[in-house]
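In what follows, a single structure is set out as structure tokens and then discussed.
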Number of protein chains: 2
Amino acid sequence: MATSAAKPDARSKLLDAALTVIRTKGYASTTVDELCAAAGVTKGAFFHHFKTKDELGVAAADYWSETTGAMFAAAPYHQLADPLDRFLAYIDFRKGLLQGGVPEFTCLVGTMVQETYETAPAIRDACDRSISRHAATLIADIEAAMAERGMTPAWTAQSLALHTQAVLQGAFILAKAKGGAGVAADSVDHLKRYIELLFGRTPKSIT
Amino acid sequence: MATSAAKPDARSKLLDAALTVIRTKGYASTTVDELCAAAGVTKGAFFHHFKTKDELGVAAADYWSETTGAMFAAAPYHQLADPLDRFLAYIDFRKGLLQGGVPEFTCLVGTMVQETYETAPAIRDACDRSISRHAATLIADIEAAMAERGMTPAWTAQSLALHTQAVLQGAFILAKAKGGAGVAADSVDHLKRYIELLFGRTPKSIT
DNA sequence: GACGACGTACCGACTAGTTGGTATGTGTTG
DNA sequence: CAACACATACCAACTAGTCGGTACGTCGTC
């Protein structure tokens, strides 16, 4: 169910399974046996590819970075000419991803880092890398939008890029608490409105 | 160490311990034995007061609501005359709480709901109540600020109150990933700037 | 003397990780 | 090309320890 089609090896089947199972149950509550069952492999295969459960955690975070990174790289918002348009379209794109069940649209590394930041530094670092690298893909557009307007604000492009990630992560938590994507979408709307106001564009909403 | 002073009974010692231990290690990784050790009570006492570990989880979320609720109710930002000033001072107050180690300023229910939203509905509901009730304490001020300005925007006071919670929760995740309060403070700054822009107040930052 | 608030001792189920082994290549060398 | 050496991928059963939960005893108080 959670495994891809072709004829993937045990390692990638386990990583695919990890994405869905961990996002559903959390990292600590996910057992190795459960992962193996979801991937359709044996425990021996698990420990052949990963020395420990934590090593799978790191690998899963890296794998998450790769797959989502490729997905965002291929997304249509890059085709827009204006950098601010691209940034805003990125946010629309993120909002559009809020479909299906909560485990399907929430973020693996945001989930994992909450449980492991004090107990598994390697996983925390992998999660940090994943978030920070993704945020970094936004910085160039933000800086270009700032430069176009001759802005020299008190905040940096990086801090705004990270703020967008914070809003998304927080929106996921609200979605988990309330059991639906609705609150998350509302929060993303507020984020978009902020950016429009920040760059002097009038939001659609009437004040 | 984590227990309060007076002469508390085992139940409140366990709840106090739960706040710090769960925020540090997460809910699933926190064992009953560990909780008992941190509270200085025995396992018998634990299961005398709580039928199951999950029942403690629910009680801990409720306890979190009570203690933080009392703390926010007593906070100085309520004394300001203008509703928007109160709202903005609330945000400053939240920023001021970002002190000490990450486990000390992060949110119990935000942590717990991530791990339990699919597996323990009772805990999820308790976390939702906690977040939603806290957000609700902001709604009156937001609505008053809107009314004062004759605003009829596309967003609701409730959605803005929830958005502030989303930003804070997301800021906590970034703080956990990066190991410090700095990123969280930056995100709260962005949140404050949004609200100032939204209500037509010029932020301090030069654009 | 009964009842609530604990403490002590323990159990069964589960969990991360191990062990020893098989199947299938992949070079390499006579 | 055949035979050997060696590596990789994987499997099934097992282990040592952990975890949530239980059974039952004890102490103090009304």
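The figures that follow rest on heavy atoms only: side chains count, while hydrogens, waters and symmetry mates do not.
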Just how far, in rounded Å, is [atom2] of [N] from [atom1] of [X]?
X       : N      : atom1 : atom2 : result
B:Leu56 : D:dG21 : CG    : P     : 11 Å
A:Lys53 : C:dA16 : NZ    : P     : 5 Å
B:Arg11 : C:dG4  : CZ    : C1'   : 15 Å
B:Asp33 : D:dT22 : CG    : C1'   : 14 Å

Heavy atoms under 4.0 Å, any strand shown: does A:Ser29 hit a base, just sugar-phosphate, or nothing?
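Nothing, no nucleic acid heavy atom in range.
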For a quick check of understanding: with a heavy-atom distance under 4.0 Å over all strands, which category does A:Thr42 fall into, base, sugar-phosphate or nothing?
base
Check A:Ala120 against A:Asp54 and note the closest heavy-atom contact, atom names and distance.
CB-OD2, 3.7 Å
Those residues that, when tested against B:Lys53, pass side chain to side chain contact (heavy atoms under 4.5 Å, CB included) (two or more places apart):
B:Tyr27, B:Val32
Counterpart residues, side chain to side chain donor-acceptor pair (under 3.5 Å), relative to B:Arg86 (two or more places apart)
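Applying side chain to side chain donor-acceptor pair (under 3.5 Å) to B:Arg86 gives B:Asp141.
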Considering residues at least two apart in sequence or located in another chain, which fulfil the side chain to side chain donor-acceptor pair (under 3.5 Å) criterion with B:Glu34?
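Scan of B:Glu34 (side chain to side chain donor-acceptor pair (under 3.5 Å), adjacent residues dropped) gives B:Lys25.
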Suppose the criterion is ring-ring contact (aromatic ring centres under 6.0 Å, His included): which pairs have a residue in residues 100-146 of chain A, not counting sequence neighbours?
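Qualifying pairs, neighbours excluded: A:Phe72-A:His134, A:Tyr90-A:His134.
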Which residues in residues 43-51 of chain A have at least one heavy atom lying under 4.0 Å from any atom of DNA chain D?
A:Gly44, A:Ala45, A:His48, A:His49
Just jot down the ring-ring contact (aromatic ring centres under 6.0 Å, His included) partners of B:Phe47, sequence neighbours excluded, or say none.
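Per chain and number, B:Phe47 pairs via ring-ring contact (aromatic ring centres under 6.0 Å, His included) with no residue.
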Output the single nucleotide from D:dC19, C:dA16, C:dG7 whose closest atom is nearest the side chain of B:Thr31.
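Nearest to the side chain of B:Thr31 among the choices is D:dC19.
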If you assign A:Val41 and B:Asp54 each to the DNA chain D nucleotide with the nearest heavy atom, which residue ends up on the more 5' nucleotide?
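By nearest-heavy-atom nucleotide position, the 5'-most residue is A:Val41.
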